[in-house]
Amino acid sequence: MGYPTELKYTKDHEWVSFKDGVATIGITDYALGQLGDVVFIELPEPDDAIDKDSAIGTIESTKTVSDILSPVSGTVTETNDDIAENQEKLAEDPYGRGWLVKIKTGDSIDHLMSAAEYEKYTAEH
Amino acid sequence: MNETSSISRKTPLFEKHVKANAKLIPFGRWEMPVSYEGVIAEHLTVREKVGLFDVSHMGEIFVRGENALAFCQYLTINDVSKLNDGEGQYSAMCYESGGFVDDLIIYRLNGKEALLCVNASNVDKDYAWIKSQAANFITVSVENESDSWAQIAVQGPNSQAAMLACLPQNYAARLSTLNYMSVFSAPLFGRAAFVARTGYTGEHGYEIYLPNDVAGETWDLLLATSAKTGAKPIGLGARDTLRLEACYLLYGNDMDDTVSPLEAGIGWATRLASDDFIGKSALLMQKQNGVSRKTLGFKLLDKGIARHGMAVYFNGEEVGVVTSGSHLPSLDMAGGLARIKSSCAAIGDHVEIDIRGKRKLAQIIQKPLYSTRVK
């Protein structure tokens with residue numbers, strides 16, 4: 001396995017990238033493997049105010065609903081409405097075209113797990 | 001290792017599921033495959049080709065003796081007297097209150113023997129209930145043979161072709177003339193088995209009741225038809241989405257002992273106009289007073305998936321609850337069953353369902369949600 005090394009990872013199986021004050025959030029293919037077929041995605045609205053560690057949306061599979069948690073505080077700038085409408089495409093490219101939410105933030109993401117740390121984490125859980 | 005795995009029960013086909021990389025989950029005391037390839041793909045395989053289900057966890061209770069059929073007539077709500085040898089019917093057992101003990105399929109094997117196939121989650125309860133009721137009858141024996149029988153469901157448009165691979169050649173004709181809900185016995189690998197044209201998917205299909213020790217070989221033969229029939233193993237996840245599209249009930253979700261067959265929508269299987277059965281007087285009263293709750297089919301109009309337990313509103317008033325809800329792969333929409341006050345919403349009406357704090361619009365529609373092809 002190998003997770004993209006340019007990204008950071010949370011304990012709830014989100015991946016995060018950061019550029020020019022904007023954090024982009026998605027979910028890992030490990031999470032998708034646990035979920036199974038995704039049948040519904042609920043995302044926040046642009047301009048929504050977000051608190052760190054709060055639920056900003058949900059991903060629903062045939063059997064379970066999972067919250068999408070934000071590792072940063074800030075304001076939603078963009079959401080991937082195309083993926084929200086075509087949720088079956090999420091599994092095709094979860095780290096690229098499967099991004100879910102962009103949040104403008106002053107927070108740092110340095111404290112999150114690296115790809116190697118996340119790989120160890122998923123092996124243990 | 002956790003406690004669950006040390007006490008979980010495994011069917012005779014468990015190793016097959018492990019080898020096929022099934023996602024395994026606890027289901028009651030059992031460890032069962034919830035999916036292999038994916039719920040949606042498996043669901044579509046059954047609708048378009050044929051799927052194989054390991055349903056060995058289901059219960060097989062045999063009622064035998066001179067009075068077996070008379071006892072079954074008293075025990076169950078449908079009309080056993082209408083069955084000839086080799087015929088079965090969907091039915092249920094009720095308490096005196098009219099609430100469900102369980103729903104089931106009852107097969108009249110012959111004039112002195114009936115097979116009751118009951119839900120996996122209720123086997124012990126059902127057996128205790130049936131035994132206690134049989135105490136009032138002479139020449140009736142009740143045996144819980146669930147531990148001796150495996151069960152494989154073969155469901156889908158190509159199911160007959162798949163079945164030919166596992167039956168002895170001289171049974172091919174018998175299979176082709178088997179009516180819906182009928183059953184015959186056949187030897188599989190030299191052991192007595194039953195082949196019934198019943199199912200829980202809404203497709204043409206069969207359920208094979210067979211001894212544990214020939215389940216593996218039979219499964220392999222069925223799967224080996226894959227190049228021709230498209231046969232694949234199907235997990236419990238797709239079993240649930242398939243039955244929900246067909247609006248078949250699931251005990252525990254759609255009903256329990258506080259719900260009656262009339263409220264659950266199976267009045268068509270309830271013989272209120274002839275001889276007595278346990279619960280009949282309570283059900284007659286319900287019918288006379290007007291059944292206060294009914295179970296209807298719905299589809300979501302707004303985006304979202306309604307699930308068991310979510311509240312249903314009609315004209316702003318809370319009128320009931322979702323009993324089963326899911327994404328429905330063949331219909332590419334979300335929908336399910338809801339039990340609501342009889343006096344309100346009817347087919348065509350709009351209702352609202354509270355999905356995690358948000359009211360989403362849904363519509364009551366005619367059941368079944370999917371046009372079944374069992375006959």
Side-chain angles (χ1 to χ4, degrees), chain A residues 1 12-13 27-51 53-70 76 79-94 98 100-101 122-125, chain B residues 2 21-27 32-45 234-245 250 253 299-310 322 324-336 353-358 360 362:
Chain A
M1 224 0 329
D12 305 293
H13 309 288
I27 64 164
T28 66
D29 55 355
Y30 178 84
L32 285 171
Q34 298 287 297
L35 282 168
D37 294 317
V38 174
V39 291
F40 182 59
I41 299 175
E42 201 153 26
L43 298 178
E45 295 292 318
D47 296 333
D48 278 354
I50 301 296
D51 289 328
D53 298 328
S54 68
I56 58 174
T58 56
I59 300 206
E60 191 159 3
S61 72
T62 50
K63 287 288 124 193
T64 57
V65 184
S66 268
D67 284 331
I68 307 166
L69 302 180
S70 171
V76 176
T79 58
N80 190 343
D81 295 334
D82 181 48
I83 276 283
E85 288 300 310
N86 302 294
Q87 65 279 351
E88 69 282 357
K89 292 196 166 24
L90 182 54
E92 288 171 16
D93 186 11
L100 296 172
V101 184
T122 57
E124 288 163 6
H125 289 77
Chain B
N2 59 39
N21 283 322
K23 199 176 259 179
L24 297 161
I25 54 155
F27 185 84
M32 296 295 288
V34 68
S35 66
Y36 302 78
E37 212 189 332
V39 173
I40 294 176
E42 290 164 41
H43 178 114
L44 296 174
T45 294
I234 312 294
L236 295 181
R239 183 166 162 82
D240 191 40
T241 50
L242 287 159
R243 71 94 191 167
L244 186 53
E245 286 185 347
L250 174 61
N253 265 32
K299 69 176 185 188
L300 266 302
L301 297 175
D302 281 342
K303 285 200 69 182
I305 300 173
R307 303 278 183 182
H308 172 80
M310 290 180 175
V322 173
S324 287
S326 178
H327 174 73
L328 303 174
S330 297
L331 310 170
D332 203 21
M333 65 181 199
I353 301 177
D354 183 324
I355 300 181
R356 292 190 300 279
K358 295 191 184 147
K360 303 274 181 141

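Note on naming: letters A, B, ... go to the chains in the order of the sequence lines (proteins, then strands), and numbering restarts at 1 for each one.
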**Item:** Nearest heavy-atom neighbours spanning A:Ile41 and B:Lys303
**Value:**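 Where A:Ile41 meets B:Lys303 most closely, the heavy atoms are O-NZ, 4.5 Å.
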**Message:** For B:Lys23 versus A:Leu35, what's the shortest heavy-atom pair and its separation?
**Reply:** NZ-C, 4.3 Å
Nearest-0.5 Å distance that lies between atom [atom1] in [X] and atom [atom2] in [Y]:
X        : Y       : atom1 : atom2 : answer
B:Leu300 : A:Phe40 : CG    : CZ    : 8.5 Å
B:His327 : A:Lys63 : NE2   : NZ    : 12.0 Å
A:Asp37  : B:Glu37 : CG    : CD    : 9.5 Å

**Prompt:** Between A:Thr58 and B:Arg356, is any pair of side-chain heavy atoms under 4.5 Å apart?
**Reply:**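 Sidechains of B:Arg356 and A:Thr58: in contact.
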**Message:** Is any side-chain heavy atom of B:His43 closer than 4.5 Å to one of A:Thr62?
**Reply:**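 Not touching, per the 4.5 Å side-chain cut-off.
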What part of [X] lies closer than 4.5 angstrom to a heavy atom of chain B: side chain, backbone, both or neither?
X       : answer
A:Ser61 : backbone
A:Glu42 : side chain
A:Gln34 : backbone

**Asked** When A:Val39 is tested against each of B:Ile305, B:Val39, B:Thr241, B:Asp332 for side-chain contact (heavy atoms from CB on, under 4.5 Å), which residue passes?
**Response** B:Ile305
